[in-house]
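In the text below, chain A, chain B and the rest are named by the order of the sequence lines, each starting its count at 1. Values reported hereafter were calculated over all heavy atoms of this structure, with side chains retained and with hydrogens, waters and symmetry mates removed.
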There are 4 protein chains.
Amino acid sequence: MARTTKKEAILEAALALFAEKGVDAATTREIAERAGTSEGNLYRHFDGKDDLARTLFETTARRFADVLETEARDEDDPRARLDTLIRGVFTFAEDHPAAFSFLLASHPSHIPKDRDLRLGPYPMRLFVETIVRGVAQGAFRPVDPVLATGWIVAMAQRAVLLARMGLLADDRERITQETVEASRRLLAADPVGPGGQQPDDR
Amino acid sequence: MARTTKKEAILEAALALFAEKGVDAATTREIAERAGTSEGNLYRHFDGKDDLARTLFETTARRFADVLETEARDEDDPRARLDTLIRGVFTFAEDHPAAFSFLLASHPSHIPKDRDLRLGPYPMRLFVETIVRGVAQGAFRPVDPVLATGWIVAMAQRAVLLARMGLLADDRERITQETVEASRRLLAADPVGPGGQQPDDR
Amino acid sequence: MARTTKKEAILEAALALFAEKGVDAATTREIAERAGTSEGNLYRHFDGKDDLARTLFETTARRFADVLETEARDEDDPRARLDTLIRGVFTFAEDHPAAFSFLLASHPSHIPKDRDLRLGPYPMRLFVETIVRGVAQGAFRPVDPVLATGWIVAMAQRAVLLARMGLLADDRERITQETVEASRRLLAADPVGPGGQQPDDR
Amino acid sequence: MARTTKKEAILEAALALFAEKGVDAATTREIAERAGTSEGNLYRHFDGKDDLARTLFETTARRFADVLETEARDEDDPRARLDTLIRGVFTFAEDHPAAFSFLLASHPSHIPKDRDLRLGPYPMRLFVETIVRGVAQGAFRPVDPVLATGWIVAMAQRAVLLARMGLLADDRERITQETVEASRRLLAADPVGPGGQQPDDR
DNA sequence: CATGAATGAGTTTTCATTCAT
DNA sequence: AATGAATGAAAACTCATTCAT
């Protein structure tokens with residue numbers, strides 16, 4: 001308590017409740033209660049519930065991006081960098097479970113239009129850039145980098161979700177490894193000479 | 001009156017609105033209005049909004065599973081069968097866009113607990129079974145079939161989402177092909193000989 | 001079923017529900033359901049819920065009066081007659097529990113104004129007349145007959161209520177006797193000279 | 001605002017309306033209106049209409065008991081004490097007419113189960129205790145004290161009711177006296193020798 | 001800053017009654 | 001007669017937001 005200001009307490013409470021039951025289902029009263037303050041005070045710090053949600057979306061997405069960026073900072077090789085980014089998703093999900101749920105669970109209609117990519121542009125962008133570079137360098141096979149990013153991020157998110165639901169036998173580290181490995185296979189440049197595996201429309 | 005009973009009209013209206021704005025944000029009044037009936041009548045047919053959501057989740061998930069099952073009925077080879085299932089996701093998304101959105105967008109807390117897999121057990125199960133068989137036959141590399149199903153379904157869903165948002169340059173057929181191809185790579189059995197990719201080299 | 005017409009079934013169902021939860025809380029739907037018919041049909045036989053309640057109040061009050069009248073028909077002596085009337089209340093309460101509850105539980109504001117006496121004028125009148133006669137003959141001490149009727153009827157009703165609630169140790173017959181005895185004491189003419197009315201001369 | 005808080009205003013308005021038309025027939029809107037506040041505010045202070053009714057039942061029953069207790073505090077002799085308690089019923093009915101009506105009119109199904117005695121255990125208990133003591137001391141004839149309490153309380157209530165309806169010629173004081181006198185006769189120990197009055201089991 | 005009572009515009013829900021069949 | 005879908009009006013209840021203190 002000592003350190004955390006009321007404003008932070010409100011943000012924290014709101015994030016937890018938004019993650020748990022969705023923005024619509026969470027009431028300002030609950031939020032205030034959980035934050036140990038009054039409803040009125042919530043309005044001193046924020047413009048309202050929507051503002052709270054928007055603020056949280058922004059800061060959460062940015063924090064997510066920061067985690068990824070920090071972890072991947074040193075990696076230069078696209079393959080290694082991508083691995084790290086994926087691991088970052090799992091790390092973030094573990095370290096900030098409410099934030100992770102909130103980002104995932106927000107109904108599309110709640111998400112600000114210009115950062116539509118479900119996870120916000122910030123985190124996505126790092127993936128996209130890495131893949132673009134990897135393709136250019138021949139480290140990855142040629143694919144639409146946005147599509148590939150979508151695949152990989154979705155895979156990681158779903159893996160977290162399934163793990164949380166207790167539907168996976170393996171432990172988190174193993175699941176992370178598997179998912180990293182899977183993404184490698186997804187993007188691996190085809191071996192041998194030219195004429196490799198076109199997506200070969202069957 | 002005509003052919004479609006009011007009950008069906010209500011279901012249809014609710015599905016559209018739930019998909020568009022989420023269960024919480026859709027009001028019973030809107031639903032009734034859109035269904036061309038009275039709010040009271042809605043309560044004659046359903047126990048309330050939650051019941052409506054539950055019913056829709058169930059029937060929609062089942063319809064999804066039926067589409068997949070029908071399309072994959074003739075395929076026996078796990079690889080071909082998996083391809084078909086993935087294509088089925090895209091087909092369903094195109095043919096029943098509201099149902100698809102609704103299944104995706106439902107907040108986890110709205111989803112009946114025992115069919116938690118986001119898409120309900122019905123559709124998921126078909127994937128899991130196919131992968132289990134494929135692994136047994138050596139057609140796929142050994143992976144946790146639930147995890148692999150999660151990956152693949154999530155990839156397909158995200159691809160649909162990105163396409164809907166207009167973030168992908170390719171047309172739908174091409175995106176479908178790409179996603180099918182990606183899943184093949186994900187599960188491809190390793191080339192017998194030594195030097196195979198262990199998932200955990202790192 | 002065979003014999004009882006739907007109309008009777010409706011009356012019976014309504015009486016039971018009115019007694020159980022009150023007129024307001026009972027819904028026409030419940031009534032129809034319990035009567036094994038449809039809501040619409042209820043409106044063929046009655047003008048609505050209020051009409052049903054009014055009809056039931058009337059017939060039930062009359063039936064009550066009939067029971068009392070029948071039992072007391074042969075008694076001519078005011079004392080004996082009053083005893084019999086009181087016993088009649090207990091008899092009616094036992095034979096027609098729903099009717100009895102309904103008559104008691106109706107909120108004053110539901111009771112037709114001109115038969116205000118809680119049990120309707122019919123049953124009350126028999127008591128009043130008997131007491132008037134008893135007073136005139138010197139069998140009872142001089143009291144306001146309406147007030148005395150109120151006392152006695154209220155006593156009997158309360159006794160039934162307490163018995164139903166299981167708050168009384170004695171059996172029904174004993175409670176009846178006690179209440180009859182109590183009413184005798186209430187009205188016993190004072191012993192004037194010697195040889196006066198012991199409360200229990202009978 | 002003034003002195004009386006809104007919460008009290010709500011309780012007061014609800015009590016008046018509940019007494020007048022019954023709990024079911026009174027609407028939250030009316031209550032709020034009459035209390036000079038908004039419906040929403042009613043729900044800030046109470047969980048709903050039922051909670052309001054429950055609260056009122058409790059506080060009203062307790063206030064009733066308090067009145068009785070206060071008035072009877074100094075009386076030690078069972079007979080005098082019982083007289084005072086009966087007078088207390090009339091006093092309470094006059095001073096708190098709405099509370100009195102509400103206690104009487106509540107449909108049994110609204111009454112909390114463990115204080116079923118129509119007037120709540122609180123007021124009843126004082127009567128029961130007094131009668132038990134009086135019987136033990138030989139001041140009253142032997143009767144089931146709960147039954148006797150029922151009789152007497154019911155008599156007093158009915159007397160008030162009849163008076164309110166204008167069906168009694170006498171004034172309130174006279175009616176009170178008569179009812180007190182009646183209760184004395186009800187419980188008077190039989191004179192003379194042993195082998196006193198059995199209720200003459202016929 | 002902070003509180004929590006108060007508001008009002010909504011929402012969900014109920015139900016007596018009507019109506020097409 | 002009978003059904004049960006449909007209605008509309010009103011009920012209970014919710015909740016983001018404001019306001020006096």
Item to complete: Could you check how far CZ of B/F46 sits from C1' of F/dG4, rounded to whole Å?
Response: 16 Å
Worksheet item: What is the distance, rounded to the nearest whole Å, between atom CD of A/E33 and atom P of F/dC15?
Response: 12 Å
Practice prompt. Give a yes/no on whether any side-chain N or O of A/S38 is located under 4.0 angstrom from OP1 or OP2 of E/dG4.
Written response: no
Item to complete: Return each pair, listed once, that meets salt bridge (charged side-chain N to carboxylate O under 4.0 Å, His left out) where at least one residue sits in residues 30-42 of chain C; pairs must be two or more places apart or across chains.
Response: C/E20-C/R34, C/K21-C/E30
Worksheet entry | Separation of E/dC19 C1' from B/K6 NZ (nearest whole Å) | 14 Å
Discussion item. What I want to find out is whether D/D51 reaches D/R54 closely enough, with some N-O distance under 4.0 Å, to be called a salt bridge.
Written reply: yes
Worksheet item: What is the per-nucleotide protein-contact pattern of nucleotides 11-17 of chain E, from the 5' end, where B denotes a base atom under 4.0 Å from a protein heavy atom, S denotes such proximity for sugar-phosphate atoms only, and - denotes neither?
Response: SBBBBBB
Practice prompt. Quick one: closest heavy-atom pair of A/R164 and A/S101, and the distance?
Written response: NH1-OG, 2.6 Å
Discussion item. Going by side-chain hydrogen bond (donor to acceptor under 3.5 Å, both in side chains), name the residues that satisfy it together with D/R29, two or more places apart in sequence or in a different chain.
Written reply: none
Fill in: Residues in side-chain hydrogen bond (donor to acceptor under 3.5 Å, both in side chains) contact with C/R62, at least two apart in sequence or another chain
none
Fill in: C/A9 versus C/A35, closest heavy-atom pair with distance
O-CB, 3.6 Å
Worksheet item: To the nearest angstrom, how far is C/H45 atom NE2 from F/dA2 atom C1'?
Response: 8 Å
Worksheet, complete the sentence: Here the pair of heavy atoms bringing A/T60 nearest to A/A99 is CG2-CB, 3.2 Å
Worksheet, complete the sentence: DNA chain E in dot-bracket form (Watson-Crick or G-U pairs under 3.5 Å, [ ] crossing, | inter-strand) is .||||||||||||||||||||
Practice prompt. Report the distance from atom CG of D/L52 to atom C1' of F/dC13, rounded to the nearest whole Å.
Written response: 14 Å
Worksheet, complete the sentence: Those residues at least two apart in sequence (or on a different chain) that pass ring-ring contact (aromatic ring centres under 6.0 Å, His included) with C/H96 are C/F92
